[in-house]
Q: 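Below are the structure tokens for one structure; questions will follow.
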Amino acid sequence: MARRKYVVGNWKMNGLAAALGEAEAIFAAAREHGTVDVALCPPFTLIGPMIAAAPGAAVGGQDCHSAASGAFTGSVAAPMLRDIGAVLVIVGHSERRDGCGESDADVKAKAEAALSAGLSVILCVGEPRDVRESGRAIDHVLAQVAGSLPATFDPSRLAIAYEPIWAIGTGLVPTIADVAAMHGAIRAKLAEQAGAAAAQDMRILYGGSVNAENAAELLDAGDVDGALVGGASLTAAKFVPIIAAGASL
Ligand code: PEP
């Protein structure tokens, strides 16, 4: 089965109601580029309003708790995301692994909770700069995949996002050869853990300073099935060219 390109925006902690017009413009453009799957993950506060503003659009969360409910002040559970109309959630973003101390086991539990709730999952992995410089990036990332992958899953509902931490929000990007090598290694690891057929169906996204200028080359790299985009997903002017780049391939 050919894998459709998947372009996902992570708005992080950005966006007030006034930003909904950008989401409407992004999803309108996405409909014009029907060969690409497009999703936006705004802050929790904008998920409901964004779905109301763009009915039928793929809107998701940026995190969820591993429990379905309980005494976890400030957290949001996967069934709550599903209940409000979200269809996907990002888990294991480096800003949560590092900023909130989330381990591979935590990320695995969150991914399993999200799948059980009926959400699709984007599971993030990626190495810090010192690990890249020491030549251990592939080993580091494959260990994260091994430790974070749910025990069982439908491959059509789980995507991996490779996001080198040193490339997020910095304007730095790995070479195309390094991206292709990492994505190929991740796919081989997925085959080992989940079987060759599942690995063939799963999408592996690249994330880290993707923009209108570099998107086509990154999206065309070996084993790259899409992009997870932070800063350049906040406006239609910056995000739509990335969607268009995916559609052109
Ligand atoms: C991200 O936060 O997932 C990301 C890739 O950010 P940026 O595109 O801004 O580097």
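Worth knowing before you read on, the calculation uses all heavy atoms, side chains too, and leaves out hydrogens, waters and symmetry mates. First listed ligand is number 1; within each ligand, the first listed atom is number 1.
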Q: Do NZ/NE/NH1/NH2 and the carboxylate oxygens of Arg187 and Asp225 come within less than 4.0 Å?
A: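 So Arg187 pairs with Asp225 through a salt bridge.
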Q: Any heavy atom of Ala232 sitting closer than 4.0 Å to ligand 1?
A: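 No heavy atom of Ala232 comes that close to ligand 1.
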Q: Does any N or O of ligand 1 fall below 3.5 Å from an N or O anywhere on Gly231, backbone included?
A: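 It does: an N or O of Gly231 is found under 3.5 Å from an N or O of ligand 1.
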Q: Would you check whether Gly230 has a nitrogen or oxygen atom less than 3.5 angstrom from a nitrogen or oxygen atom of ligand 1?
A: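 Yes; the residue has a nitrogen or oxygen that sits under 3.5 Å from a nitrogen or oxygen of the ligand.
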Q: Specify whether Tyr206 and His183 have parallel, tilted or perpendicular ring planes, treating 30° as the upper limit for parallel and 60° as the lower limit for perpendicular.
A: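 Answer is tilted, since the angle falls between 30° and 60°.
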Q: Nearest protein heavy-atom contact for atom 1 (C) of ligand 1: which residue, which atom, what distance?
A: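 For atom 1 (C) of ligand 1, the nearest protein heavy atom is His93 NE2, 3.3 Å.
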Q: Taking NZ in Lys12 as the centre, count heavy atoms belonging to other residues, nucleotides or ligands within less than 6.0 Å. Is the count above 12?
A: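 Enclosed.
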Q: Does the N or O separation between Val229 and ligand 1 drop below 3.5 Å for any pair?
A: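 Checking ligand 1 against Val229, no N or O pair falls under 3.5 Å apart.
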Q: Could you tell me, atom by atom, which parts of ligand 1 come under 4.0 Å of a heavy atom of Gly208?
A: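 Once the distances to Gly208 are compared, the set is 5 (C), 10 (O).
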Q: As an exercise, identify every atom of ligand 1 less than 4.0 angstrom from a heavy atom of Gly169.
A: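 Taking each heavy atom of Gly169 in turn, ligand 1 has 7 (P), 9 (O), 10 (O) under 4.0 Å.
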Q: What is the nearest protein non-hydrogen atom to atom 3 (O) of ligand 1, stated with its residue, atom name and distance?
A: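 Ranking protein heavy atoms by distance from atom 3 (O) of ligand 1, first comes Glu163 OE2, 2.7 Å.
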Q: Ligand 1 and Thr170, any nitrogen or oxygen pair closer than 3.5 angstrom?
A: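 The answer is no, given that Thr170 and ligand 1 share no N or O pair closer than 3.5 Å.
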Q: Quick one: look at Ile168 and ligand 1, take heavy-atom pairs under 4.0 Å, and tell me if it's side chain, backbone, both or neither.
A: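 It is both parts that get close, each with some atom under 4.0 Å.
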Q: Spell out, yes or no, whether Val141 and Leu123 are grouped together once hydrophobic residues are joined by side-chain heavy atoms under 4.5 Å, including indirect joins.
A: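 Yes; Leu123 is reachable from Val141 via cluster members.
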Q: Given side chains that start at C-beta, do those of Tyr162 and Leu228 come closer than 4.5 Å, heavy atoms only?
A: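 They are not in contact (no side-chain heavy atoms under 4.5 Å apart), so the answer is no.
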Q: Side-chain donor-acceptor pairs under 3.5 Å in residues 64-85, sequence neighbours left out?
A:
residue: His65; atom: ND1; partner: Ala67; partner atom: N; Å: 2.9
residue: Arg82; atom: NH1; partner: Ala86; partner atom: O; Å: 2.9

Q: Could you go through residues 34-41 and list every donor-acceptor pair under 3.5 Å that involves a side-chain atom there, pairing it with any protein atom two or more places apart or in another chain?
A:
residue: Asp37; atom: OD1; partner: Arg4; partner atom: NE; Å: 3.0
residue: Asp37; atom: OD1; partner: Arg4; partner atom: NH2; Å: 2.8
residue: Asp37; atom: OD2; partner: Arg4; partner atom: NE; Å: 3.4
residue: Asp37; atom: OD2; partner: Arg203; partner atom: NH1; Å: 2.8
residue: Asp37; atom: OD2; partner: Arg203; partner atom: NH2; Å: 3.4

